[in-house]
Amino acid sequence: MNSNRDLIRRSMRLTICALFVCCVVPLTAQAGSINYGDVTAATVIFKQVTESSTNPGVPLFGAPSASGNSLVFNPPNFSATSINGGVDFTDGTLNTLITSKPGQFITTINVNEVGDYTLAGPASTTASASISAPIFLQIQAVNGVDLVSPYNYQQSVVFTGGGNYSLPANAGTGVIWSGAASINVNAVLAAAGISGQATRIQYTMDNSLLTITGGAGDLAFIKKKDVGGVTLTVPEPSSLVLTAMACLGGMAMLIRRIKIA
């Protein structure tokens with residue numbers, strides 16, 4: 001009888017814990033999001049720019065600004081630090097709905113990040129720092145018309161050194177790292193068999209920083225810099241056209257020279 005009662009009590013505790021996780025955790029995550037509203041750029045509008053993080057209410061990316069067709073962030077608190085043994089993990093998710101202005105299209109999305117890291121410690125111990133940033137796109141509309149089934153695409157930012165740094169090979173103070181990604185939206189649509197050009201895309205990027213130290217004397221620190229930290233750019237179609245025209249002009253001149261020769 002006692003064993004049955006213990007089993008029932010244990011099951012009730014597990015049920016209560018499960019309900020607590022299901023009900024409370026989503027509310028906490030929602031409370032931790034920060035909405036910066038809409039940001040208007042040259043040919044697109046970055047709608048409902050929102051960030052959420054492992055530090056509820058604390059801005060990691062910070063309020064964005066527009067520069068040409070770029071959404072620029074200067075992260076004030078995006079870092080991870082571990083000292084004398086331990087682990088520190090910082091995660092921030094950036095969301096925005098990219099909508100093209102009338103007569104414009106979303107042909108390419110470029111992402112650039114800059115930061116630095118510090119790794120130090122005795123030769124007998126270990127310390128490491130790493131960074132990752134997968135990008136998730138949901139193409140929702142083409143040529144101004146909603147897709148019946150939005151198309152999902154994923155690509156990751158590629159970082160110098162593979163985004164993984166450890167002692168003793170990567171020892172140093174304030175060592176600069178950088179990351180970049182370029183997504184050819186037209187090529188993504190063509191590969192999926194979808195004709196036309198994108199006019200609305202849900203953009204999500206999950207940035208994470210991780211530091212680990214093995215023991216006394218170890219230091220691992222990594223951050224996104226507060227100047228030129230994170231930039232999301234949608235190149236203007238006009239600039240792409242001008243570039244193409246310049247290339248064609250150069251080819252024409254080359255052909256003329258060949259004929260003259």
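Remember, it's a predicted structure, so these values are computed and weren't measured experimentally. Side chains included, hydrogens not; waters and symmetry mates left out as well; all remaining heavy atoms used.
Considering CG of Asn110 and OG of Ser70, their distance stands at 8.5 Å, rounded to 0.5 Å. A distance of 9.0 Å separates CG in Asn112 from OG in Ser182, rounded to the nearest 0.5 Å. With values rounded to the nearest 0.5 angstrom, Ile201 atom CD1 is found 11.0 Å from Thr96 atom OG1. Distance check, rounded to the nearest 0.5 Å: CD of Gln202 to NZ of Lys47 gives 11.5 Å. Atom CG of residue Leu97 and atom CD of residue Gln138 lie 9.5 Å apart, to the nearest 0.5 angstrom. A distance of 5.5 Å separates CD1 in Ile194 from CG in Leu147, rounded to the nearest 0.5 Å.
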(Q) Under the criterion side-chain hydrogen bond (donor to acceptor under 3.5 Å, both in side chains), I'd like the reasoning laid out for Ser82 against Thr211: C-alpha separation, chi angles, the key distance, then a yes or no. (A) CA-CA 6 Å; Ser82 180; Thr211 55; 4.7 Å; no
Set out, in order, the CA-CA distance, both residues' side-chain angles and the distance that settles side chain to side chain contact (heavy atoms under 4.5 Å, CB included) for Asp116 and Lys225, then state yes or no.
CA-CA 7 Å; Asp116 63 51; Lys225 295 187 75 66; 3.1 Å; yes
Requested in this report: Please step through side chain to side chain contact (heavy atoms under 4.5 Å, CB included) for the pair Gln48 and Tyr36, ending with a clear verdict.
Outcome: CA-CA 7 Å; Gln48 297 300 297; Tyr36 297 108; over 6 Å; no
Practice prompt. Could you go through the side chain to side chain contact (heavy atoms under 4.5 Å, CB included) check for Ser128 and Tyr165 one step at a time?
Written response: CA-CA 6 Å; Ser128 64; Tyr165 317 102; over 6 Å; no
For this session: Start with the C-alpha distance between Tyr153 and Ile183, add both sets of side-chain angles, then the distance that settles side chain to side chain contact (heavy atoms under 4.5 Å, CB included), and finish with yes or no.
Result: CA-CA 10 Å; Tyr153 177 79; Ile183 303 173; 3.8 Å; yes
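When Thr50, Thr204, Asn35 are each tested for a side-chain hydrogen bond (donor to acceptor under 3.5 Å, both in side chains) with Asn95, only one passes: Thr204. For the side chain to side chain contact (heavy atoms under 4.5 Å, CB included) test with Leu71, the passing option among Val49, Val44, Val234 is Val49; the others fail.
A donor-acceptor pair under 3.5 Å is formed between the side chain of Glu51 and the backbone N or O of Gly62. Here the side chain of Thr118 pairs a donor or acceptor atom with the backbone of Gly174 at under 3.5 angstrom. Asn69 places a side-chain N or O within 3.5 Å of a backbone atom of Ala42 that can act as its donor or acceptor partner. In terms of modelled atom types and a separation under 3.5 Å, the side chain of Asn186 and the main chain of Asn184 share no donor-acceptor contact. For the pair Thr43 (side chain) and Gln104 (backbone), a donor-acceptor distance under 3.5 Å is absent. Judged purely by atom type and a 3.5 angstrom limit, Asn77 has no side-chain atom pairing as donor or acceptor with the backbone of Leu60.
The side-chain heavy atoms of Thr233 and Ile109, taken from C-beta on, include no pair separated by under 4.5 Å. Side-chain contact check for Phe73 versus Leu94: some heavy-atom pair is nearer than 4.5 Å. In this structure the side chain of Tyr151 reaches within 4.5 angstrom of the side chain of Val188, judged on heavy atoms. Considering only heavy atoms from C-beta on, Lys224 stays 4.5 Å or farther from Asn74 through its side chain. Asn170 has its side chain within reach of Tyr117: a pair of non-hydrogen atoms, C-beta onward, lies under 4.5 Å apart. Thr231 places none of its side-chain heavy atoms less than 4.5 Å from the side chain of Glu113. In this structure, Leu189 and Ile139 have side chains that are in contact, with non-hydrogen atoms separated by less than 4.5 Å.
In plain terms, the two heavy atoms of Asp218 and Gly214 that are nearest each other are OD2-N, 2.8 Å. Listed here is the closest heavy atom pair of Asn207 and Ala133: ND2-CB, 3.2 Å. Heavy-atom minimum distance, Gly85 versus Thr213: N-OG1, 2.8 Å. In terms of heavy-atom proximity, Ala129 sits nearest to Ile222 at CB-CB, 4.0 Å. The two residues Pro75 and Val230 make their nearest non-hydrogen contact at CG-CG2, 4.2 Å. The two residues Ala41 and Phe46 make their nearest non-hydrogen contact at CB-CE1, 3.8 Å.
Ring centroids of Trp177 and Phe159 are separated by less than 6.0 Å, placing the two rings close together. The six-membered or imidazole ring of Phe61 lies near that of Phe78, with a centre-to-centre distance under 6.0 Å.
With 3.5 Å as the limit, one finds no donor-acceptor pair spanning the side chains of Ser100 and Thr199.
Following chains of ILVMFWY side-chain contacts shorter than 4.5 Å, one can reach Ile212 starting from Phe89, so the two form part of one hydrophobic cluster. Cluster membership check: Leu167 shares its hydrophobic cluster with Val175, using side-chain heavy-atom separations under 4.5 Å among Ile, Leu, Val, Met, Phe, Trp and Tyr.
Partners of Asp88 according to the salt bridge (Lys or Arg N to Asp or Glu O under 4.0 Å) rule, which considers only residues two or more places apart in sequence or in another chain, do not exist here.
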